[in-house]
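Counting from 1, the numbers follow the sequence of the chain as shown. We count ligands from 1, going down the list as the structure has it; atoms in each ligand are counted the same way.
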Amino acid sequence: MTRVLMVCLGNICRSPTAHGVFRDLVRERGLQQRIDVDSCGTSSYHNGEGADANMVRAAAEQGIDLSDLHSRLLVRSDFHDFDLIVVMDGSNERNTEALRPAGNDTPVVRFMDFVPDAPSRDVPDPYYGGMDGFRNVVNLIRAGCGPLLDHALTL
Ligand code: 4NP
């Protein structure tokens, strides 16, 4: 089993979307016995909360259900429990690396590096903007999850 962890700041917008889209793709490809996915945040600001209402709505517009997901904090044991850690932006990458246990070599990769023709290496944080920002996140995440799943299958 290859375990993939999606990470953003609050775990209420970008990483739950990546979690939900990736999970649907794993199911569609019948890979549930080979690939598992979870998500978390580098902050505990929204610990225990469901995904942001606008994020849930933008995902639902494209048939993706995020309603069961709840925010949790990234913890050091995640480096042992997961085989691939996927961060949404450079700030998440720095905050994640700061928690890496000594001697651990779990790969930390940037989600946008799997998005074809990506406009930036950051998935833009939609939290303070309008609905189009949330829809943009869904589109970017949908574009990157296939290549990311292909990569996870090589681990
Ligand atoms: P996320 O978005 O990291 O994609 O879940 C954010 C959610 C909440 C906050 C920042 C970003 N916040 O500062 O509360």
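- Checked by atom type, the side-chain pair Asp122/Ser120 shows no donor-acceptor distance below 3.5 Å.
- Taking atom 13 (O) of ligand 1 as the reference point, the nearest protein heavy-atom neighbour is Tyr128 OH, 3.3 Å.
- Of all atoms in ligand 1, numbered sequentially from 1 with element shown, those under 4.0 Å from a heavy atom of Gly10 are 1 (P), 3 (O), 5 (O).
- Asp105 meets the salt bridge (charged side-chain N to carboxylate O under 4.0 Å, His left out) test with no other residue; sequence neighbours excluded.
- On a distance-only criterion, Tyr45 and ligand 1 share no N/O pair closer than 3.5 Å.
- Annotation: atom 11 (C) of ligand 1 to nearest protein heavy atom, Asp125 OD2, 3.0 Å.
- Clustering ILVMFWY residues whenever any of their side-chain heavy atoms sit less than 4.5 angstrom apart, transitively, puts Phe79 in a cluster other than the one holding Leu73.
- Contacts of Asp52 with ligand 1, taken as heavy-atom pairs under 4.0 Å, are absent altogether.
- Here is the list of ligand 1 atoms found below 4.0 Å of a heavy atom in His46: 8 (C), 12 (N), 14 (O).
- Relative orientation of the His151 and Phe114 rings is tilted, given thresholds of 30° and 60° on the angle between their planes.
- At a cut-off of 3.5 Å, with distance as the only test, a side-chain donor of Asn92 or Asp89 sits close to an acceptor on the other residue.
- Close approach to Cys13 involves these atoms of ligand 1, each under 4.0 Å from a residue heavy atom: 1 (P), 2 (O), 4 (O), 5 (O).
- Checked by atom type, the side-chain pair Ser15/Asn11 shows a donor-acceptor distance below 3.5 Å.
- For Leu153 against Leu31, the heavy-atom pair with the smallest separation is CD1-CD1, 4.0 Å.
- Ranking the protein heavy atoms by distance from atom 10 (C) of ligand 1 puts Leu9 CD2, 3.6 Å first.
- Distances below 4.0 Å separate heavy atoms of Ile12 from the following atoms of ligand 1: 5 (O), 7 (C), 8 (C).
- Considering only non-hydrogen atoms, atom 1 (P) of ligand 1 lies nearest to Cys8 out of Ser15, Cys8, Ser91.
- Protein heavy atom closest to atom 9 (C) of ligand 1, with residue, atom name and distance, is Tyr127 CD2, 3.5 Å.
- Neither side chain, Arg27 nor Gln32, offers a donor N or O lying under 3.5 Å from an acceptor on the other.
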